[in-house]
Amino acid sequence: MLLEIARVLNAAQLAKINEILDGSEFVDGKLSAGMAARQVKENEELQKEPKRMELLIRILVSSLAHNKMFNSAVLPARMADPIFARYRAGMRYGEHVDDAIMGKSGPRMRSDVSMTLFLSDPGSYQGGELVIRTPFGTSAVKLAAGDAVVYPSSSLHHVAEVTAGERMVALLWVQSHVRDPARRELLFELNQAREHLLSTAPGDNNTRLVDRSFSNLVRMWSDV
Ligand code: NI
């Protein structure tokens, strides 16, 4: 499932993140790339300075912790440290699949869900769409600053060349409690029906049945 999540960051969080990034050093993105990605990766990444990273991560993680749609769709168990990437004119990232195992510096984790959080006003740069292959064709995604897209980490994707301006994004990888994307999608939909029933017919026996089925499916399918 490819899902767009609006306003992951509010205006104040977005301004703070961009202010930190404005005064920061960026390095060649190839330095963090695996062997296959190195050949197609042409971007820059924020140099990981511990104090600055801690502040950026705190803003990101607290906004995601409060985001209902993110939590319901992704069922996050753990997250890798985000990467802040900058694409200037002429930069792109050719087709690739994200690394399966993340966390070189900290604890290791499996990437189930990838997230791109857009930080630049889409009117301020040309090109730079995130193009994701899905079973139903390709999707080109370019969102408002503060909005994000999540998609299975197993998807082939690329970033189209930025032809003018500058595209800044945060990239995040999540290990989900539920590894299988089809099961996650089913739980996401069932949870929407469950929440609707809980608010419109809280005492109804059907509500109880759907609520119990949802909880027990999560229990059946999750690893912690
Ligand atoms: Ni990628």
Side-chain angles (χ1 to χ4, degrees), residues 5 8-64 79-99 101-106 109 111 113-132 140-151 153 155-174:
I5 307 176
V8 168
L9 299 176
N10 63 34
Q13 292 167 324
L14 182 64
K16 185 72 200 163
I17 286 183
N18 278 326
E19 181 196 317
I20 297 169
L21 295 176
D22 268 353
S24 299
E25 289 270 322
F26 282 73
V27 295
D28 188 346
K30 285 188 200 295
L31 295 171
S32 72
M35 239 162 60
R38 202 171 302 143
Q39 329 226 337
V40 291
K41 190 175 188 184
E42 295 166 39
N43 66 6
E44 295 173 331
E45 286 173 9
L46 176 67
Q47 184 150 42
K48 291 196 170 155
E49 193 270 308
K51 253 195 173 150
R52 198 181 298 138
M53 277 307 281
E54 199 188 309
L55 187 52
L56 289 167
I57 289 169
R58 203 184 314 144
I59 298 170
L60 250 184
V61 168
S62 69
S63 73
L64 288 172
M79 293 187 215
D81 279 353
I83 286 180
F84 292 84
R86 182 168 76 182
Y87 291 76
R88 295 175 137 161
M91 294 184 176
R92 57 189 277 281
Y93 196 161
E95 192 152 76
H96 66 281
V97 68
D98 293 341
D99 283 346
I101 305 293
M102 301 262 174
K104 273 185 205 119
S105 50
M109 52 158 274
S111 60
V113 180
S114 301
M115 185 182 92
T116 296
L117 172 59
F118 291 79
L119 299 172
S120 305
D121 173 0
S124 70
Y125 62 98
Q126 303 282 317
E129 294 83 4
L130 170 64
V131 183
I132 306 167
V141 186
K142 183 172 177 175
L143 302 178
D147 292 3
V149 60
V150 291
Y151 52 99
S153 300
S155 320
L156 270 171
H157 56 280
H158 72 268
V159 177
E161 183 177 326
V162 170
T163 53
E166 195 177 284
R167 171 193 192 261
M168 192 81 84
V169 290
L171 307 160
L172 196 78
W173 293 272
V174 186

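The nearest pair of heavy atoms linking Ala37 to Tyr93 is CB-OH, 3.2 Å. Considering all non-hydrogen atoms of both residues, Asp28 and Asn43 come closest at OD1-O, 3.7 Å. The shortest heavy-atom contact between Phe84 and Ala170 is CE2-CB, 3.7 Å. Between Ser124 and Asp121, the shortest heavy-atom distance links the atoms OG-O, 2.6 Å. Closest approach of Pro122 and Ala145 over heavy atoms only: CD-N, 4.0 Å. Considering every non-hydrogen atom in both Glu42 and Gly90, the closest pair reads OE1-O, 3.9 Å.
The main-chain N or O of Glu129 is never found under 3.5 Å from a side-chain atom of Lys142 such that the two would form a donor-acceptor pair. Panel note: side chain Ser120, backbone Met168; a donor-acceptor pair is recorded below 3.5 Å.
Enclosure of atom CD in Gln126 is not indicated, since only 12 or fewer non-hydrogen atoms of other residues, nucleotides or ligands lie within 6.0 angstrom.
Residues Asp147 and Phe118 form no side-chain contact, since every pair of their non-hydrogen atoms from C-beta on lies 4.5 Å or further apart. Within the 4.5 Å cutoff, the side chain of Leu171 has heavy atoms near those of the Thr116 side chain. Residues Ile20 and Leu46 have side chains not in contact (no heavy-atom distance under 4.5 Å, counting atoms from C-beta outward). Contact check for Pro82 versus Ile57: side-chain heavy atoms found under the 4.5 Å cut-off. Taking 4.5 Å as the limit, every side-chain heavy atom of Leu56 sits out of range of all side-chain heavy atoms of Lys16. Using a 4.5 Å heavy-atom cutoff, the side chains of Tyr151 and Val113 are not in contact. For the pair Arg86 and Leu21, the minimum side-chain heavy-atom distance is 4.5 Å or more. The shortest distance between side-chain heavy atoms of Met91 and Val159 does not fall below 4.5 Å.
The CG atom of Leu9 sits 9.0 Å away from the CG atom of Asn18 when rounded to the nearest 0.5 Å. Going from atom NE2 of His157 over to atom CD of Glu95 covers 9.0 Å, rounded to the nearest 0.5 Å. Atoms CE and CH2, on Met115 and Trp173 in that order, are 10.0 Å from each other to the nearest 0.5 Å. Residue Met109 holds its CE atom at 6.5 Å from CE of Met102, rounded to the nearest 0.5 Å. Separation of atoms OH (Tyr87) and CD (Glu166) is listed at 12.5 Å; rounding is to 0.5 Å. In this structure, CD on Glu25 lies 15.5 Å from NZ on Lys48, to the nearest 0.5 angstrom.
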Worked check of side chain to side chain contact (heavy atoms under 4.5 Å, CB included) between Val169 and Leu130: CA-CA 11 Å; Val169 290; Leu130 170 64; over 6 Å; no
Taking it one step at a time, do Leu31 and Glu45 satisfy side chain to side chain contact (heavy atoms under 4.5 Å, CB included)? CA-CA 9 Å; Leu31 295 171; Glu45 286 173 9; over 6 Å; no
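With no hydrogens or angles considered, no side-chain donor-acceptor pair links His158 and His96 at under 3.5 Å. Defined by atom type and a distance below 3.5 Å, a donor-acceptor pair is present between the side-chain atoms of Ser114 and Asp98.
A salt bridge between Lys51 and Glu54 is absent, with no side-chain N of the basic residue lying under 4.0 Å from a carboxylate O of the acidic one.
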